[in-house]
Amino acid sequence: EVNLLSLTGSHHRKITQIFLDAESKSRSIIHSRLMSKPQPVAVTTPTENEKSYEEEHVHSVYQTIASHFSDTRYKPWPVVEDFLNGLELGSIGADIGCGNGKYIGVNPNVCVLGSDRSSNLIQIVRDRGFEGMVCDGLNTPYRTDAFDFAISIAVIHHFSTPERRRSAIKEILRVVKPGSPILIFVWALEQSKFSKRNFDKTQQDVFVPWMLSTAKPNTDEAVVEESSKKVYQRYYHLFAQGELDELIVETGMADISRSGYDRDNHYVIAIKK
């Protein structure tokens with residue numbers, strides 16, 4: 001053990017330089033690894049045929065990567081977990097864009113019905129013993145004013161125009177009762193220094209790559225060749241601070257109860273009028 005207080009000035013400077021060099025090398029390695037992977041690419045969003053665009057760059061991608069994607073989605077985010085656990089006993093709600101259903105069973109004292117555009121993800125939901133159906137987030141089959149709450153976690157950012165994002169929020173609000181809460185999460189343009197996401201702060205519309213390995217199971221990652229990996233591009237709109245709040249206010253259907261930033265996402269809890 002080194003007692004820094006007993007070191008001479010020159011020795012202290014040498015030790016300090018060693019630490020600085022090690023930190024610099026570590027940052028260099030991290031940067032190198034990030035740059036060796038496919039990076040987000042800025043895109044121009046369509047002015048027509050938006051549905052086809054999303055089919056190609058969102059829906060079909062999640063159909064393909066569903067199993068691999070599900071394996072990486074297992075731990076609930078704290079804000080969502082707290083929201084669900086704070087609901088009244090016996091509440092019935094909707095998880096619109098539920099993915100693999102990781103939030104459906106968080107609170108066993110409420111009933112959550114899941115829905116997603118990907119049939120492969122919904123099959124995973126059903127295999128886990130939860131309720132889930134395939135439907136479009138812009139046109140769910142639920143009755144108006146049917147639910148006590150609704151959540152939509154990391155979904156709205158996949159809609160390619162402001163109008164479609166606003167419509168998706170309106171649909172979430174449509175299905176809950178007046179006075180009921182909704183919780184929406186979206187990816188943030190503003191990323192923390194600890195984020196793995198490498199975004200250009202001047203570009204809000206991007207393709208974010210998903211690297212899917214076609215190597216056989218139990219293959220050592222170190223020997224997996226690049227040829228065994230395929231990259232799929234998913235469309236995202238990166239929300240600037242306050243942008244989600246504005247969209248919700250523009251619907252004229254809800255008042256914002258709380259908004260914040262968590263795990264490189266923006267979120268809003270709103271109450272239907």
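- If you take CZ on Phe239 and CD1 on Ile156, they are separated by 7.0 Å, rounding to the nearest 0.5 Å.
- No side-chain donor-acceptor contact under 3.5 Å links Glu81 and Asn85.
- Other residues, nucleotides and ligands contribute at most 12 non-hydrogen atoms within 6.0 Å of the NZ atom of Lys51.
- Note: Phe83 and Phe149 have perpendicular aromatic rings, judged against thresholds of 30 and 60 degrees for the angle between ring planes.
- With a 6.0 Å radius and a threshold of 12 heavy atoms from other residues, nucleotides or ligands, Lys75 has its NZ atom at or below the threshold.
- Inter-residue side-chain proximity for Gln204 and Glu243 is flagged as met; some heavy-atom pair is nearer than 4.5 Å.
- Between Ser160 and Pro46, some side-chain heavy-atom pair lies under the 4.5 Å cut-off.
- Note on Phe207: it clusters hydrophobically with Phe199, by side-chain heavy-atom contacts below 4.5 Å among ILVMFWY residues.
- With contacts defined as side-chain heavy-atom distances shorter than 4.5 Å, the pair Arg263/Pro78 qualifies.
- Residues His68 and Trp210 place their aromatic rings such that the two centres sit under 6.0 Å apart.
- With hydrogens and angles ignored, the 3.5 Å screen pairs no side-chain donor or acceptor of Arg166 with any backbone N or O of Thr161.
- When only modelled atom types and interatomic distance are considered, Asp205 and Thr45 share no side-chain donor-acceptor pair under 3.5 Å.
- Remark: Glu250 does not engage Arg165 in a salt bridge, criterion side-chain N to carboxylate O under 4.0 Å.
- The environment of CD in Glu50 is crowded: more than 12 heavy-atom neighbours from other residues, nucleotides or ligands sit within 6.0 Å.
- Follow the hydrophobic side-chain contacts under 4.5 Å out from Met133 and you reach Ile92 in the same cluster.
- A salt bridge links Glu54 with Arg164: the closest approach of a Lys/Arg side-chain nitrogen to an acidic carboxylate oxygen falls below 4.0 angstrom.
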request  = Test Ile182 against Ile269 for side chain to side chain contact (heavy atoms under 4.5 Å, CB included), laying out the working first.
outcome  = CA-CA 6 Å; Ile182 66 167; Ile269 297 174; over 6 Å; no

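- Within the 4.5 Å cutoff, no side-chain heavy atoms of Glu56 are placed close to those of Tyr235.
- Between the side chain of Ser70 and the backbone N or O of Ser67 there is no donor-acceptor pair closer than 3.5 Å.
- Proximity of a side-chain donor or acceptor of Tyr142 to a complementary backbone N or O of Phe147 within less than 3.5 Å is not detected.
- Asp264 and Ser192 share a side-chain donor-acceptor pair at under 3.5 Å.
- Remark: aromatic rings of Phe159 and His157 are distant, center separation not under 6.0 Å.
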request  = Please step through side chain to side chain contact (heavy atoms under 4.5 Å, CB included) for the pair Val208 and Trp187, ending with a clear verdict.
outcome  = CA-CA 11 Å; Val208 177; Trp187 276 21; 4.0 Å; yes

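- Aromatic rings of His266 and Phe185 (six-membered ring for Trp) have centroids beyond the 6.0 Å cut-off, not under it.
- Between Arg174 and Glu171, at least one side-chain nitrogen of the basic residue sits less than 4.0 Å from a carboxylate oxygen of the acidic one, meeting the salt-bridge criterion.
- Counting heavy-atom neighbours within 6.0 Å of Glu88 CD, excluding the residue itself, gives a total of 12 or less.
- Two residues are said to be in side-chain contact when any heavy atoms from C-beta on lie closer than 4.5 Å; Ile184 and Ile169 meet this criterion.
- Side chain of Thr140 to main chain of Asp136: no donor-acceptor pair is present (N/O by atom type, distance under 3.5 Å, no hydrogens or angles).
- By the 6.0 Å contact criterion, CD on Gln203 is enclosed, its count of non-hydrogen atoms from other residues, nucleotides or ligands being greater than 12.
- Side-chain N/O atoms of Tyr232 and Arg234 include no donor and acceptor closer than 3.5 Å.
- Placement of Val110 and Ile151 within a single hydrophobic cluster is found when ILVMFWY residues are connected by side-chain heavy-atom separations under 4.5 Å, directly or transitively.
- In this model, a donor atom of one side chain and an acceptor atom of the other lie less than 3.5 Å apart for Gln63 and Ser118.
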